[in-house]
A.B. asks: 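Pasting a structure here, questions to come.
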Amino acid sequence: AQFTSYSGTVSVYDRSTMGRLAVFTTLLVCFFAGRCSANGVFWHVTDFHYDFTYLHGAESGKICDSQTAGQPTPGNPGDWGDYLCDAPWRLIDSSVHAMKVIEPDPDFIIWTGDDTPHIYNDKMNTDVVLAIIGNLTDLIRSVFPNTQVYPVLGNHDYHPKHQMPPAPNTVYNTTWSMWNVPSWLTADVMDTFINGAYYTMVISPGLRLVGLNTVYYYTNDRVTAPTDNSTDPAGQFAWLEGVLQQAQTDNEKVFLIGHVPPGVFERAASKSWFYPEYNRRYLQVVTKYADVIKGQFFAHQHCDSFRIFYDDKGKAVSSMLLAPAVTPWMTTLAGVGANNPGIRLVRYDKNTGDLTDVSQYYSNLALANQEGTPLWGQEYSLRETFNLPDASTASLQDLLDSFSDESSDNFQKYYRYNSVGYDLSACDGSCKVAQLCAIKEVDYEKYGECINAVGSGANNAWVKALFSIVVPLAVAVFSLVA
């Protein structure tokens, strides 16, 4: 595979006048109060899915080998990509350079995997997988040469795709060699990475990052299918509990990152990601150590959403932010659609680990092809757009509650952002039920109850409108999904 870099001008706009005003106000408060919280910021980028065949080398009759099955071939595909294909290199290159223009000096970058295209296994091999991971590693390192990067692997970062084994292998060994460099992974995490592609590192005193390999829990990974409730691929669950227990003892706070998330896909009712045994155990761990876990940052769906975790008394105790993809590819999951390319900036308090805001940036792919260059701009700020005090679990619960308020337009705004501005249709009826139940109920049994209950969702404000809706519970397995 041949990889070329685009080094043209990156165009960025920021429509957040309120954001700049908020920063100025904060500086005044800090000046007169004589103290200020340690404001931190980091990038979350994910799901590049680089298709090296886009417009060059695709099989006959296609514009790319990742072209969504069952869709007609576009007659005039754009230079920057197409919604039916994974991302060409120039789009990926533009996204990383846009990150540098928007926030050139982040505290760190989290990169949550899925780097190769949605191409059938017979057209891929381990060498191609590693070449793509290597080229993306070089790109990020060249644009952010002095920035700490925390990477994890996705289900497309192995060959055959999804079938990631809980044991040392060529992919783990080679990516370790790529990532065991200054400002990336340190030598002390080699053992867990080589054996299972997971690790933990200290971000700063009092704040720890845990990088998980959740491909093990994915329903498409047949290698790690559970045989009973105690199955623990590569010993990752036992290790995770040990890390969180020690963090609790040491008074540390933790950020969890991974690729495949637990729960159900909000745009495909009843499409679950984890095997039920693993989903149950992940929930148990998160709720048990919710006082330690300050943030969960996952991806895989290519869509922008969030999840809330509750204790046995029904109190919201933790939350997960799901970042959208750089690739615009239209999934093979029926009715889900495509997305515009997105990159995410997260703000947090360095002293406490508390999340203070999420700023989502994007480029409208259709406009990029029309104008001849991507225009990267802020799509929304979680605080400003939804009038929230911060990005905490409590604030996300308030946001979820507002989705059931007929006088609020928060849900329709959220739904527009869910596809990064690609799907501008209304979402009501069964569409809204699927969205709200997926956000609220990560537990599969409770999700099923939510979907089928008369009073399902965040609360009962919208019961009458949804009285007759029943969505069957089923698990679909797709060889090329997300």
Side-chain angles (χ1 to χ4, degrees), residues 214 217-219 229 256 258 260-290 293 295-301 303-323 333 335-336 391-405 410-411 414-415 418 427-463 465-476 482:
T214 56
Y217 311 143
Y218 187 27
T219 56
N229 288 329
L256 299 181
V260 182
V264 179
F265 191 8
E266 72 278 356
R267 295 185 74 89
S270 301
K271 171 55 188 168
S272 58
W273 299 123
F274 282 14
Y275 285 105
E277 294 87 344
Y278 299 146
N279 197 73
R280 190 179 306 115
R281 190 161 180 184
Y282 186 87
L283 276 167
Q284 290 170 349
V285 172
V286 167
T287 54
K288 181 178 180 179
Y289 295 99
I293 300 168
Q296 302 177 69
F297 309 95
F298 285 68
H300 180 65
Q301 300 187 157
C303 296
D304 185 344
S305 192
F306 62 98
R307 300 289 182 266
I308 297 180
F309 298 72
Y310 301 89
D311 64 15
D312 55 7
K313 297 180 181 179
K315 178 184 177 182
V317 293
S318 189
S319 54
M320 174 180 287
L321 296 171
L322 298 174
L333 284 170
V336 173
S392 66
T393 295
S395 291
L396 290 175
Q397 179 63 57
D398 288 343
L399 179 60
L400 175 60
D401 290 340
S402 76
F403 290 170
S404 300
D405 183 352
N410 277 350
F411 178 75
Y414 155 80
Y415 187 71
N418 184 231
C427 177
D428 47 29
S430 60
C431 171
K432 188 170 184 179
V433 171
Q435 287 278 345
L436 299 189
C437 289
I439 294 171
K440 183 183 180 185
E441 305 295 0
V442 181
D443 178 87
Y444 290 159
E445 291 183 7
K446 292 181 179 179
Y447 172 85
E449 294 170 0
C450 179
I451 282 290
N452 290 288
V454 172
S456 58
N459 57 43
N460 292 327
W462 43 284
V463 170
L466 305 178
F467 183 83
S468 63
I469 293 172
V470 175
V471 181
L473 183 62
V475 176

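Here the structure is a predicted model, which means the values were calculated and not measured.
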A.B. asks: Pair Phe265, His300 - check ring pair (Phe, Tyr, Trp, His ring centres under 6.0 Å), show working.
C.D. replies: CA-CA 10 Å; Phe265 191 8; His300 180 65; 8.2 Å; no
A.B. asks: Looking at Tyr275, Tyr278, Trp273, which hits ring pair (Phe, Tyr, Trp, His ring centres under 6.0 Å) with Tyr217?
C.D. replies: Tyr278
A.B. asks: Show the nearest heavy-atom pair for residues Met320 and Pro262, with the distance to one decimal.
C.D. replies: CE-CD, 3.5 Å
A.B. asks: Give the C-alpha distance, both sets of side-chain angles, the deciding distance and a yes or no for side chain to side chain contact (heavy atoms under 4.5 Å, CB included) between Tyr289 and Gln284.
C.D. replies: CA-CA 9 Å; Tyr289 295 99; Gln284 290 170 349; over 6 Å; no
A.B. asks: For Lys271 and Glu266: C-alpha separation, side-chain torsions, deciding distance, then whether salt bridge (charged side-chain N to carboxylate O under 4.0 Å, His left out) applies.
C.D. replies: CA-CA 8 Å; Lys271 171 55 188 168; Glu266 72 278 356; over 6 Å; no
A.B. asks: Provide the closest heavy-atom pair for Ala391 versus Leu396 in the form atom of the first, atom of the second, distance.
C.D. replies: O-CD1, 4.2 Å
A.B. asks: Is the shortest side-chain heavy-atom distance between Leu400 and Ile308 below 4.5 Å?
C.D. replies: yes
A.B. asks: So, Asp311 side chain and Ala316 main chain: donor-acceptor pair closer than 3.5 Å or not?
C.D. replies: no
A.B. asks: Among Lys440, Gln397, Lys315, exactly one meets side-chain hydrogen bond (donor to acceptor under 3.5 Å, both in side chains) together with Tyr310. Which residue is that?
C.D. replies: Gln397
A.B. asks: Can you find a pair of side-chain heavy atoms, one from Phe309 and one from Asp443, that are under 4.5 Å apart?
C.D. replies: no
A.B. asks: For Val317 and Thr393, what are the C-alpha separation, side-chain angles and deciding distance, and is it a side chain to side chain contact (heavy atoms under 4.5 Å, CB included)?
C.D. replies: CA-CA 7 Å; Val317 293; Thr393 295; over 6 Å; no
A.B. asks: Between Val264 and Ala438, which heavy-atom pair has the shortest distance, and what is it?
C.D. replies: O-CB, 3.5 Å
A.B. asks: Less than 4.5 Å apart, any side-chain heavy atom of Arg307 and any of Ile439?
C.D. replies: yes
A.B. asks: Does NZ or CZ of Lys432 come closer than 6.0 Å to the centre of the six-membered ring of Phe411, within 45° of the ring's axis?
C.D. replies: yes
A.B. asks: Return the minimal non-hydrogen interatomic distance between Pro261 and Ala299, and the atom names on each side.
C.D. replies: CD-O, 3.6 Å
A.B. asks: Using a 3.5 Å distance criterion without hydrogens, assess whether the side chain of Asn279 forms a donor-acceptor pair with backbone atoms of Gly263.
C.D. replies: yes
A.B. asks: Is a donor on one side and an acceptor on the other found under 3.5 Å between the side chain of Thr287 and the backbone of Leu283?
C.D. replies: yes
A.B. asks: Where is the tightest heavy-atom contact between Ala269 and Tyr447, given as atom of each residue plus distance?
C.D. replies: CA-OH, 3.5 Å
A.B. asks: So, do Gln301 and Arg267 sit near enough that their side-chain heavy atoms are less than 4.5 Å apart?
C.D. replies: no
A.B. asks: First locate atom SG of Cys431, then atom CG of Leu436, and finally report the distance between them rounded to the nearest 0.5 Å.
C.D. replies: 9.0 Å
A.B. asks: With distance as the sole criterion, is a donor-acceptor pair present between the side chains of Ser319 and Gln296 under 3.5 Å?
C.D. replies: no
A.B. asks: Rounded to the nearest 0.5 Å, how far does CZ of Phe403 lie from CG of Leu399?
C.D. replies: 3.5 Å
A.B. asks: Compare every heavy atom of Asp304 with every heavy atom of Asn418, then report the nearest pair and how far apart it is.
C.D. replies: ND2-O, 2.8 Å
A.B. asks: Working to the nearest 0.5 angstrom, can you tell me the gap between Tyr444 OH and Glu277 CD?
C.D. replies: 10.0 Å
